[in-house]
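Beneath this line is the structure, given in structure tokens, with notes to follow.
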Number of protein chains: 2
Amino acid sequence: MLDTKSAVTVLTALAQGHRLEVFRRLVAAEPEGMAAGELARQLDVAPAALSFHLTHLGHAGLVTSSRQGRSIIYRADFSTMRTLLGYLTQDCCGGRPEICGDLSVWNAAEGCAPTRRTSKDVK
Amino acid sequence: MLDTKSAVTVLTALAQGHRLEVFRRLVAAEPEGMAAGELARQLDVAPAALSFHLTHLGHAGLVTSSRQGRSIIYRADFSTMRTLLGYLTQDCCGGRPEICGDLSVWNAAEGCAPTRRTSKDVK
DNA sequence: CTTTTAATTCAATTATTATTGAATTATTGA
DNA sequence: TCAATAATTCAATAATAATTGAATTAAAAG
């Protein structure tokens, strides 16, 4: 389970228009992922600015990256999002699973957002 | 369903230590809620600062308030959190419900986070 | 080896958020 | 009415976060 500090880190990463949009598009782009430059073009954000946001998302554990030729490919990491959803559900429903339903089923489910860290993250 | 801009508003509201903690305690304090002053004491935050955060949470639709004597009682509003969870789930799993499971069941569920706006919000 | 392309890092700037202390509003009780 | 309590609003400051343009690193192609 996530501690409050980590939860704030992940929430902060998602609480920004460009970053939330990046994450959305990376989810849609699974499992191929997308190059940093392509994301910058699609969102019409300066490469340096996007790099900042991607680093931010990476720190929060929401994306992974790997070099492919001269491009760096980013991919959404579902597991962190799942952890966040679990945390918020606990927060939201505390000792009252009857209010929001029991999410533990899909938190425990097999095949649910497997960690896809098949390649080392780019440094 | 939440649009991206509103999602950012709600995420921003939660992406701050004091506010996340306030929300957590208000969830735990349901259904009585808690006075602003009591929250300020418990979190050891200056009243003016807490007021700022409570306004922030109120704007995002995460808390409601009502005056009771000289105190102002705040309560967690589950419905916004539920909406956020639904949005993030869509985001996270896109057209792939098999990845995170189908949350639509508890989004549609009866008795799930009824809107408890029994009193007018304090202006 | 030089040039081009892709991306990042860095330092500076700009913009946004959070905190503080003083002043203000609302309510209660002496 | 007056003093005390609870909370908010306001203006100023402090702290963080985001953007920019220039410089740098890495890989591919001529």
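Throughout, a chain's letter reflects where its sequence line sits, starting with A, and its residues are numbered from 1.
- Between B:Thr12 and A:Ile73, it is A:Ile73 whose nearest contact on DNA chain C lies nearer the 5' terminus.
- C:dA30: Watson-Crick or G-U partner is D:dT1, with both key distances under 3.5 Å.
- Note: NE2 (A:His56) to C1' (D:dT19) measures 14 Å, nearest angstrom.
- In this structure, A:His53 atom NE2 and D:dT16 atom C1' are separated by 14 Å, rounded to whole Å.
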Yes or no on side-chain contact (heavy atoms from CB on, under 4.5 Å) for B:Leu26 and B:Met34, after CA distance, side-chain angles and deciding distance?
CA-CA 7 Å; B:Leu26 288 181; B:Met34 205 183 293; 3.8 Å; yes
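- Between the CD atom of A:Gln68 and the P atom of C:dA7 there is a distance of 11 Å, given to the nearest Å.
- B:Val22 has its side chain out of reach of B:Tyr74: every pair of non-hydrogen atoms, C-beta onward, lies at least 4.5 Å apart.
- Proximity note for B:Ile72 (side chain, C-beta onward) versus C:dT8, C:dA6, D:dA7: the nearest is D:dA7.
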Assess the residue pair A:Met81 and A:Val10 against the criterion (side-chain contact (heavy atoms from CB on, under 4.5 Å)); give the C-alpha distance rounded to whole Å, side-chain angles, the decisive distance to 0.1 Å, and a yes or no.
CA-CA 8 Å; A:Met81 177 58 90; A:Val10 180; over 6 Å; no
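- The CZ atom of B:Arg67 sits 9 Å away from the C1' atom of D:dT8 (whole-angstrom rounding).
- Rounded to an integer number of Å, the gap from A:Leu50 CG to D:dT20 P is 12 Å.
- Among the heavy atoms of the strands lying under 4.0 Å from A:Ser51 is at least one base atom, whether or not backbone atoms are also near.
- The side chain of A:Phe52 lies closest to D:dA17, out of D:dA7, D:dA17, D:dT8.
- The nearest whole Å value for the distance from the NE2 atom in B:His59 to the C1' atom in C:dT17 is 15 Å.
- Residue B:Asp77 comes nearest to B:Thr64 through the heavy atom pair OD2-CG2, 4.0 Å, listed as atom of the first residue, atom of the second, then distance.
- Rounding to whole angstrom units, CG of residue A:Leu39 and P of C:dA7 are separated by 9 Å.
- Here the side chain of B:Arg70 is nearest to one of D:dT5, D:dA28, D:dT20, namely D:dT5.
- Within 6.0 Å of the CG atom in A:Asp3, the count of heavy atoms belonging to other residues, nucleotides or ligands exceeds 12.
- Toward the 5' end of DNA chain D, the nearer of the two residues A:Gly69 and A:Arg19, judged by each one's closest nucleotide, is A:Arg19.
- When the side-chain nitrogen and oxygen atoms of B:Thr55 are compared with OP1 and OP2 of D:dT8, none of them lie within a distance under 4.0 Å.
- Remark on DNA chain D: of its neighbouring residues A:His18 and B:Ala36, the 5'-side contact belongs to B:Ala36, judged by nearest-heavy-atom nucleotide.
- Between the P atom of C:dT8 and the CD atom of A:Glu38 lies a distance of 14 Å, rounded to the nearest Å.
- The partner of C:dG21 is D:dC10, judged by Watson-Crick or G-U wobble contacts that both fall below 3.5 Å.
- Close to D:dA6, at under 4.0 Å from its OP1 or OP2, lies no side-chain N or O of B:Tyr74.
- Here the side chains of A:Glu21 and A:Leu39 are not in contact, with every heavy-atom distance at 4.5 Å or above.
- Residue B:Ala48 is classed as a base contact, given a heavy-atom separation below 4.0 Å to a base.
- When heavy atoms are screened at a 4.0 angstrom cut-off, B:Ala35 is found touching the sugar-phosphate backbone but no base atom.
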